[in-house]
Each structure stands twice: as structure tokens, then as C-alpha cells.
Amino acid sequence: MIRRSTRQERRRYYFLQTLQWVIFGLLIALAFLTSTAGSMLKPLLLIPLSLCISSHTGEIQAMAVGTISGLLLDISCGKLLGYNAVLLVVCCVAVSLLYNYILRQKLFNILLLTAVCTLVQGYLDYTFYYSIWGHEDVGLIYTGVILPSGAMTVASTLLLYAPIKWLAEKCGNRRTHELEKTMLGAAYRD
């Protein structure tokens, strides 16, 4: 009897995980579509989305989310392919490690981490694409485009955090699965 319930629980877990990652993929695609439309002054939704997803996953999944989101961000911003991908991989893995070992799932924590990642991305973008060439009035790009876009990016975390957290809790995360597997294994041995 226990074997059947264990098998059913495993199937249910895998179904929910598949559903969760399909929804995450659709959200990433939607964020990419919104980042390619409109003017330059818009939030970079791929940054807070990938960080929110990474806060609920393991390091390997966070690395994959950072890579995909970073490459899509490079395409949508017209940057060198891999430029933002490297940054987002580092940020997503760091967020995953911080949430798995140190931080709790609080809105303030993800807002702070998103702000740090966005500021680093904006500063590096300004330095390597504008400031390094020494053009006149290049500071206007920083104050007129990069800072407002960064503020909108951090503010969009307020909209993205709750649905991602809800989905991760409903579908189960890695820590919950490991605890359930340990408990089921102990119940099966008894």
C-alpha cells in the first residue's frame, strides 16, 4: 500500500514540477516580448523575474534561468551576446545560494537583491557602452535612461514576487521534496 502512495506522490510531484517550469518558461517569454516592444525607457522584466524564480530553485536551475534570461536580455537590448548572460548567471546562482542557506522568503530581501543586480547591470552597461568612449553629455544617458529604467525594474519586482512565490509553494520546491522523500523513506522502512 505504501509503495502505491509513494509512486503516486512521485508522479504528482513530477507533474507539478513540469507545470511549474512550463509556466516559468511562458513568463520568461512574455517578459522577453515586453522588453522588445516600445522605447528604451522600460523595465527590464527579465532581471526581477529570473531572480524571483532563482529564489525558489536550486543552483543548477538558477544557472539555467540566468543563462536563458541573460541571453534574451542581450537580444532585446542589442548587446553583445553573453554580456548580460554572465551577469545574470552570477546573480541568479548567488540568489539561489543565499535563499537556500541564509535568507528567508521575504519581499524586502528580493527587492534588495534585485536593486543590487540592476545597479550593477546598469553601471556596467553605462561604463562599457557609453562612458568608455568619452562622448559629450553621455551622463544624460545614465540619468535619463539607465536610472529610470533601473527604478522601474526594481519596482516591477513588487508585481512579480507574489505570483512566483505562490506558484512555487503550490507546486513544491526542492527543499519540500527532499523533506517529503526523507519522511516517505522513513515510513517505508518502518
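Start at 1 with the first residue, then count along the sequence.
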Got a second to check how far [X]'s [atom1] is from [Y]'s [atom2], nearest 0.5 Å?
{"X": "Thr34", "Y": "Leu45", "atom1": "OG1", "atom2": "CG", "answer": "4.5 Å"}
{"X": "Glu9", "Y": "Arg12", "atom1": "CD", "atom2": "CZ", "answer": "6.0 Å"}
{"X": "Phe24", "Y": "His56", "atom1": "CZ", "atom2": "NE2", "answer": "7.0 Å"}
{"X": "Ile68", "Y": "Met63", "atom1": "CD1", "atom2": "CE", "answer": "10.5 Å"}
{"X": "Leu159", "Y": "Ile164", "atom1": "CG", "atom2": "CD1", "answer": "11.5 Å"}
{"X": "Leu98", "Y": "Asn109", "atom1": "CG", "atom2": "CG", "answer": "9.0 Å"}

Query raised in the report: What are the two closest heavy atoms between Leu46 and Ser69, and how far apart are they?
Result: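 Answer, listing the atom of Leu46 first, then Ser69: CD1-O, 3.8 Å.
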Query raised in the report: Tyr99 and Arg104: which non-hydrogen atoms are nearest, and at how many Å?
Result: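 Tyr99 and Arg104 have their closest heavy atoms at CE2-O, 3.1 Å.
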In terms of hydrophobic clustering (I, L, V, M, F, W, Y; side-chain heavy atoms under 4.5 Å; direct or indirect links), are [X] and [Y] co-clustered?
{"X": "Val86", "Y": "Ile132", "value": "no"}
{"X": "Leu72", "Y": "Val90", "value": "no"}
{"X": "Trp21", "Y": "Val89", "value": "yes"}
{"X": "Val95", "Y": "Phe108", "value": "no"}

Query raised in the report: Got a sec, which hydrophobics cluster with Met152, joining ILVMFWY side chains under 4.5 Å apart, including via others?
Result: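 Members besides Met152, by chain and number: Leu41.
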Query raised in the report: Remaining members of Leu26's ILVMFWY cluster at a side-chain heavy-atom cut-off under 4.5 Å?
Result: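 Result for Leu26 is Val22.
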Requested in this report: Give the C-alpha distance, both sets of side-chain angles, the deciding distance and a yes or no for side-chain contact (heavy atoms from CB on, under 4.5 Å) between Leu160 and Leu27.
Outcome: CA-CA 10 Å; Leu160 295 171; Leu27 288 173; 6.0 Å; no
What pairs of donor and acceptor atoms, side-chain ones from residues 137-148 against any protein atom, are under 3.5 angstrom apart with sequence neighbours left out?
unit_1: Thr143; atom_1: OG1; unit_2: Gly139; atom_2: O; d: 3.2

Under the side-chain contact (heavy atoms from CB on, under 4.5 Å) test, which residues partner [X], sequence neighbours left out?
{"X": "Ala62", "value": "Ser54, Thr57, Cys92, Ser96"}
{"X": "Leu81", "value": "Leu71, Asp74, Ile75"}
{"X": "Thr36", "value": "Phe32, Ser76"}
{"X": "Leu19", "value": "Ile23"}

Would you say the side chain of [Y] lies within less than 4.5 Å of the side chain of [X], judging by non-hydrogen atoms?
{"X": "Phe128", "Y": "Leu80", "result": "no"}
{"X": "Leu49", "Y": "Val65", "result": "no"}
{"X": "Asn100", "Y": "Glu59", "result": "yes"}

Query raised in the report: Under the side-chain hydrogen bond (donor to acceptor under 3.5 Å, both in side chains) rule, what pairs show up with a residue in residues 144-154, not counting sequence neighbours?
Result: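 For residues 144-154, and leaving out neighbouring residues, there are no side-chain hydrogen bond (donor to acceptor under 3.5 Å, both in side chains) pairs at all.
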Report task. Go through the structure and list residues passing salt bridge (charged side-chain N to carboxylate O under 4.0 Å, His left out) with Lys106, not counting sequence neighbours. Result ->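 Lys106: no salt bridge (charged side-chain N to carboxylate O under 4.0 Å, His left out) contacts found.
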Query raised in the report: Of all residues at least two apart in sequence or in a different chain, which pass the side-chain hydrogen bond (donor to acceptor under 3.5 Å, both in side chains) check with Tyr161?
Result: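 Testing Tyr161 for side-chain hydrogen bond (donor to acceptor under 3.5 Å, both in side chains), a comparison that skips the adjacent residues, returns Gln105.
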Query raised in the report: Among all residues two or more places apart in sequence or in another chain, which pass the side-chain hydrogen bond (donor to acceptor under 3.5 Å, both in side chains) test with Asp125?
Result: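 Scan of Asp125 (side-chain hydrogen bond (donor to acceptor under 3.5 Å, both in side chains), adjacent residues dropped) gives Lys79.
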What side-chain donor-acceptor pairs closer than 3.5 Å can you find for residues 114-124, not counting sequence neighbours?
unit_1: Thr114; atom_1: OG1; unit_2: Ile110; atom_2: O; d: 2.7
unit_1: Thr118; atom_1: OG1; unit_2: Thr114; atom_2: O; d: 2.7
unit_1: Gln121; atom_1: NE2; unit_2: Asn84; atom_2: OD1; d: 3.2

